[in-house]
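Along the sequence shown, residues carry numbers from 1. Computed from heavy atoms alone, side chains included, the values below leave out hydrogens, waters and symmetry copies.
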Amino acid sequence: MIRACSKKVSFALCENLNPKISKLQVSTMPNPLVAVCQMTSTSDKDKNFEAVSKLVAEAKRRNACIAFLPEACDYLADNKADAVAMAEPLDGNTVQRYKDLALKENIWLSLGGVHEALPGKGKTQNSHIIINNKGELVSTYRKIHLFDMENKETGVRLMESDYVQKGSEIVPPVPSPVGNIGLSICYDMRFPELSICLRNMGAQILTFPSAFTYQTGAAHWEILLRARAIETQCYVVAAAQVGTHNKKRVSWGHAMEIDPWGTVIAQCMEKQGVAVAEIDLEILKKVRKNMPNEQHRRTDLYPEMLPLDH
């Protein structure tokens, strides 16, 4: 049985998505727990780190062995120029603070999109990093699909490529205490090829840390995430930004965890907070055994999804 978060804390609103469970259970669970976090980043790095620290401490208090933080957990600038100017290298002060936090709390961290400086290029990279409980950076994925959208009818223009350089590599899944984690970021979820590649590379958990816009989130967020879980038969963990960041930007929220059957097993709604759920790889194995999609793929008619350099 997978158990979802049912206990409210001062800065969390988590739904119990299994009506048979009335109390949060952690100590008796045989399988590891993961925490998906929801926050409202601003342009203030120190306040954002303080928020992250509280979320991670709460995740640890609930016995999670890894906490997933959303895209732009380091900061969300008020304009593109500031987004570039505020960026730091991965060996800079901000990432070091996250490393120290992981070591202090003895927990793994998925930081789902920090601004990585690219000196002299006038752009950043949107980089998803994994830090282990020893404070070591063990994997880095740089976002390969950038969110570029221009609607001439409404005058809305959102061009991530104006200030972000796209990545060029699909990173192998990261072995962790909860299973093999496939790394991606936000807009990547609209491209199932990437998720299938990660599944074929051994992923058991797919991550989609995001800062989803309110309008697209209301229409597509849960649908896309559940689809990625169902078609890959992986767990999906999607940390999220929520609420108003500045005068120009509002995020949808609804951070969630989804099992390989496509069921939402834990979710935060419209406030900052933490939701915790169990990762049961035996369930994953059963789903894949009972519905053996991978055995039925017609790779004689279409290509197998793997990175070009795999």
Rounded distance [0.5 Å steps], [atom1] in [X] versus [atom2] in [Y]:
{"X": "Asp188", "Y": "Leu206", "atom1": "CG", "atom2": "CG", "result": "11.0 Å"}
{"X": "Cys73", "Y": "Met39", "atom1": "SG", "atom2": "CE", "result": "6.5 Å"}
{"X": "Ile205", "Y": "Leu198", "atom1": "CD1", "atom2": "CG", "result": "12.5 Å"}
{"X": "Arg228", "Y": "Thr232", "atom1": "CZ", "atom2": "OG1", "result": "8.5 Å"}
{"X": "Cys234", "Y": "Ile181", "atom1": "SG", "atom2": "CD1", "result": "11.5 Å"}
{"X": "Ser43", "Y": "Asp78", "atom1": "OG", "atom2": "CG", "result": "4.5 Å"}

Shortest non-hydrogen contact from [X] toward [Y]:
{"X": "Ala203", "Y": "Pro173", "result": "N-CG, 3.6 Å"}
{"X": "Leu55", "Y": "Gly273", "result": "CD2-O, 3.5 Å"}
{"X": "Asp46", "Y": "Asp44", "result": "N-OD1, 3.1 Å"}
{"X": "Leu146", "Y": "Gln165", "result": "CD1-C, 4.3 Å"}
{"X": "Ala240", "Y": "Gly253", "result": "CB-O, 3.6 Å"}
{"X": "Val276", "Y": "Ala35", "result": "CG2-CB, 4.1 Å"}

>> One pair to check against side-chain contact (heavy atoms from CB on, under 4.5 Å): Ser41 and Gln241. What are the steps and the verdict?
In response: CA-CA 7 Å; Ser41 290; Gln241 292 284 346; 2.9 Å; yes
[X] side chain to [Y] backbone, donor-acceptor under 3.5 Å:
{"X": "Thr263", "Y": "Ile265", "value": "no"}
{"X": "Asn31", "Y": "Glu278", "value": "no"}
{"X": "Gln125", "Y": "Val164", "value": "no"}
{"X": "Ser176", "Y": "Gly179", "value": "yes"}
{"X": "Gln38", "Y": "Ala255", "value": "yes"}
{"X": "Asn200", "Y": "Leu306", "value": "no"}
{"X": "Tyr235", "Y": "Asp280", "value": "yes"}
{"X": "Asp74", "Y": "Val114", "value": "no"}
{"X": "Thr40", "Y": "Gly243", "value": "no"}

Taking C-beta and beyond as the side chain, do [X] and [Y] meet within less than 4.5 Å on heavy atoms?
{"X": "Pro307", "Y": "Met201", "value": "yes"}
{"X": "Ile170", "Y": "Leu194", "value": "yes"}
{"X": "Pro292", "Y": "His296", "value": "yes"}
{"X": "Thr42", "Y": "His245", "value": "no"}
{"X": "Glu88", "Y": "Lys45", "value": "yes"}
{"X": "Val178", "Y": "Cys65", "value": "yes"}
{"X": "Ile66", "Y": "Leu109", "value": "no"}
{"X": "Arg297", "Y": "Glu304", "value": "no"}

>> Let's go through Phe49 and Thr94 carefully: what are the C-alpha distance in whole Å and the side-chain angles of both, what is the deciding distance for side-chain contact (heavy atoms from CB on, under 4.5 Å) to 0.1 Å, and is it a yes or a no?
In response: CA-CA 8 Å; Phe49 181 74; Thr94 295; over 6 Å; no
>> Evaluate Ser168 against Ile144 for side-chain contact (heavy atoms from CB on, under 4.5 Å), listing each step before the verdict.
In response: CA-CA 6 Å; Ser168 58; Ile144 63 175; over 6 Å; no
Going only through I, L, V, M, F, W and Y residues with side-chain contacts under 4.5 Å, is there a path from [X] to [Y]?
{"X": "Ile283", "Y": "Leu281", "value": "yes"}
{"X": "Ile279", "Y": "Met256", "value": "yes"}
{"X": "Trp108", "Y": "Val171", "value": "yes"}
{"X": "Ile230", "Y": "Met291", "value": "no"}
{"X": "Val174", "Y": "Val34", "value": "yes"}

> What orientation do Phe191 and His145 show, parallel under 30°, tilted 30 to 60°, or perpendicular over 60°?
Replying inline: parallel
> Does a donor on one side chain sit under 3.5 Å from an acceptor on the other, for Tyr187 and Asn126?
Replying inline: no
>> Please identify which of these residues, Ile130, Leu137, Ile131, meets the side-chain contact (heavy atoms from CB on, under 4.5 Å) condition with Leu111.
In response: Ile131
> Checking side-chain contact (heavy atoms from CB on, under 4.5 Å) against Phe208, which of Ile258, Leu183, Leu225 comes through?
Replying inline: Leu225
> Stepwise, does the salt bridge (charged side-chain N to carboxylate O under 4.0 Å, His left out) test hold for Lys143 with Glu71?
Replying inline: CA-CA 10 Å; Lys143 190 177 182 182; Glu71 183 180 26; 3.3 Å; yes
> Stepwise, does the side-chain contact (heavy atoms from CB on, under 4.5 Å) test hold for His254 with Gln267?
Replying inline: CA-CA 6 Å; His254 296 79; Gln267 181 175 190; 3.4 Å; yes
> Under the side chain to side chain donor-acceptor pair (under 3.5 Å) criterion, do Thr140 and His128 qualify, and how do the steps go?
Replying inline: CA-CA 6 Å; Thr140 302; His128 183 168; over 6 Å; no
> Which residue pairs pass the ring pair (Phe, Tyr, Trp, His ring centres under 6.0 Å) test with at least one member in residues 75-95, sequence neighbours excluded?
Replying inline: Tyr75-His115
>> Determine whether Glu160 and Lys123 satisfy the following criterion, salt bridge (charged side-chain N to carboxylate O under 4.0 Å, His left out), listing intermediate values before the conclusion.
In response: CA-CA 10 Å; Glu160 189 176 14; Lys123 291 187 176 184; over 6 Å; no
> So does Glu116 pair up with Arg142, basic N to acidic O under 4.0 Å?
Replying inline: yes
> Are Glu58 and Lys54 close enough for a salt bridge, meaning some N to O gap below 4.0 Å?
Replying inline: no
> Taking the six-membered ring for Trp, is the centroid-to-centroid distance between Trp221 and Phe212 below 6.0 Å?
Replying inline: yes
>> Run the salt bridge (charged side-chain N to carboxylate O under 4.0 Å, His left out) test on Lys286 and Glu282 for me, step by step, so that the C-alpha distance in whole Å, both residues' side-chain angles and the decisive distance to 0.1 Å come before the verdict.
In response: CA-CA 6 Å; Lys286 288 180 181 179; Glu282 288 303 313; over 6 Å; no
